[in-house]
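What follows is a single structure, written as structure tokens, with notes after it.
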Amino acid sequence: QVQLVESGGGLVQAGGSLRLSCTTSGRTSSNYVMGWFRQAPGKGREFVAAIRWSVGSTYYADSVKGRFTISRDNAKNTVYLHMNSLKPEDTAVYYCAQRGGSFYSTNSREYDYWGQGTQVTVSS
């Protein structure tokens with residue numbers, strides 16, 4: 001059974017940085033995509049970034065492009081979301097997710113496994 005465990009959220013001032021981590025276990029193939037989503041109060045789940053695990057190629061939402069970076073450490077089975085120049089509108093619960101195959105998807109319904117979520121709060 002695939003499991004995703006997240007860490008790294010917290011409270012930061014606008015303009016600051018945070019790094020989220022998501023460690024995955026239980027997957028026997030490297031042919032999958034890891035994604036980060038976020039959900040602010042009263043809003044739907046929003047795509048943030050994704051990475052193809054096997055080759056490391058990445059894809060970003062326009063709202064975070066140039067500020068956030070997704071990366072992975074194969075040896076640790078961990079995907080990271082490096083968040084810089086944070087804004088109050090980045091405040092949300094952040095989730096990592098996994099889907100099989102090699103195609104990115106910005107649709108949360110196309111991801112099979114989810115982490116528990118971690119709160120990121122950016123104060124103005």
Side-chain angles (χ1 to χ4, degrees):
Q1 179 71 10
V2 173
Q3 290 187 321
L4 306 178
V5 179
E6 303 172 26
S7 60
L11 173 65
V12 64
Q13 288 188 330
S17 300
L18 278 176
R19 188 185 77 167
L20 306 182
S21 302
C22 174
T23 300
T24 178
S25 62
R27 194 93 190 186
T28 57
S29 165
S30 63
N31 186 30
Y32 59 91
V33 169
M34 293 294 299
W36 286 97
F37 289 77
R38 64 187 182 185
Q39 189 165 16
K43 296 188 176 181
R45 199 159 289 192
E46 176 191 18
F47 171 79
V48 175
I51 186 167
R52 289 189 179 117
W53 192 265
S54 59
V55 296
S57 55
T58 58
Y59 183 73
Y60 296 92
D62 288 343
S63 59
V64 305
K65 202 172 293 182
R67 299 189 298 122
F68 291 11
T69 302
I70 187 171
S71 65
R72 83 231 195 283
D73 184 328
N74 284 340
K76 296 182 178 180
N77 290 325
T78 299
V79 62
Y80 302 100
L81 186 67
H82 307 261
M83 304 184 292
N84 297 319
S85 302
L86 283 160
K87 305 174 182 180
E89 50 264 44
D90 294 318
T91 295
V93 177
Y94 283 71
Y95 298 89
C96 65
Q98 187 181 109
R99 69 187 301 269
S102 58
F103 294 102
Y104 301 122
S105 175
T106 61
N107 185 344
S108 62
R109 297 178 183 179
E110 295 184 357
Y111 286 76
D112 306 306
Y113 303 100
W114 291 83
Q116 79 280 9
T118 186
Q119 177 70 47
V120 172
T121 302
V122 184
S123 63
S124 57

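Within the 4.5 Å cutoff, side-chain heavy atoms of Thr91 are placed close to those of Gln119.
Between Cys96 and Glu6, the shortest heavy-atom contact is N-OE2, 2.8 Å. Shown here for Gly100 and Asp112, the closest heavy-atom pair between the two residues is N-OD2, 3.6 Å. Heavy-atom minimum distance, Trp114 versus Ser108: CZ2-O, 3.3 Å.
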Only pairs under 3.5 Å count here: list side-chain donor-acceptor contacts from residues 12-25, not counting sequence neighbours, and write none if there are none.
{"residue": "Ser17", "atom": "OG", "partner": "Asn84", "partner atom": "OD1", "Å": "2.8"}
{"residue": "Thr23", "atom": "OG1", "partner": "Thr78", "partner atom": "OG1", "Å": "3.0"}
{"residue": "Thr24", "atom": "OG1", "partner": "Gln98", "partner atom": "NE2", "Å": "3.0"}

N/O donor to acceptor pairs below 3.5 angstrom from side-chain atoms of residues 31-43, sequence neighbours left out:
{"residue": "Tyr32", "atom": "OH", "partner": "Trp53", "partner atom": "NE1", "Å": "3.4"}
{"residue": "Arg38", "atom": "NE", "partner": "Glu46", "partner atom": "OE1", "Å": "2.8"}
{"residue": "Arg38", "atom": "NH1", "partner": "Asp90", "partner atom": "OD1", "Å": "2.9"}
{"residue": "Arg38", "atom": "NH1", "partner": "Tyr94", "partner atom": "OH", "Å": "3.0"}
{"residue": "Gln39", "atom": "OE1", "partner": "Arg45", "partner atom": "NE", "Å": "3.3"}
{"residue": "Gln39", "atom": "OE1", "partner": "Arg45", "partner atom": "NH2", "Å": "3.2"}
{"residue": "Gln39", "atom": "NE2", "partner": "Lys43", "partner atom": "O", "Å": "3.0"}

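Tyr95 and Leu4 sit in two unconnected hydrophobic clusters of ILVMFWY residues. Membership requires side-chain heavy atoms under 4.5 Å apart, directly or through other members. Each of Leu86 and Val93 belongs to its own hydrophobic cluster when Ile, Leu, Val, Met, Phe, Trp and Tyr are linked at side-chain heavy-atom distances under 4.5 angstrom. Side-chain heavy atoms closer than 4.5 Å link hydrophobic residues (I, L, V, M, F, W, Y) into clusters, and following such links, possibly through other members, connects Ile51 to Tyr113. Grouping the Ile, Leu, Val, Met, Phe, Trp and Tyr side chains by contacts below 4.5 angstrom, directly or via other members, places Phe47 apart from Phe68. Cluster membership check: Val64 does not share its hydrophobic cluster with Tyr80, using side-chain heavy-atom separations under 4.5 Å among Ile, Leu, Val, Met, Phe, Trp and Tyr.
With no hydrogens or angles considered, a side-chain donor-acceptor pair links Ser57 and Tyr104 at under 3.5 Å.
Within a 6.0 Å sphere centred on CD of Glu89, other residues, nucleotides and ligands contribute more than 12 heavy atoms.
Qualifying side-chain contact (heavy atoms from CB on, under 4.5 Å) partners for Ser105, counting only residues two or more places apart in sequence or in other chains: Arg99, Asn107, Glu110, Tyr111.
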Checking Arg52 against Tyr59 for the side chain to side chain contact (heavy atoms under 4.5 Å, CB included) test, could you report, in this order, the C-alpha distance in whole Å, the side-chain angles of both residues, the deciding distance, and whether it holds?
CA-CA 9 Å; Arg52 289 189 179 117; Tyr59 183 73; over 6 Å; no
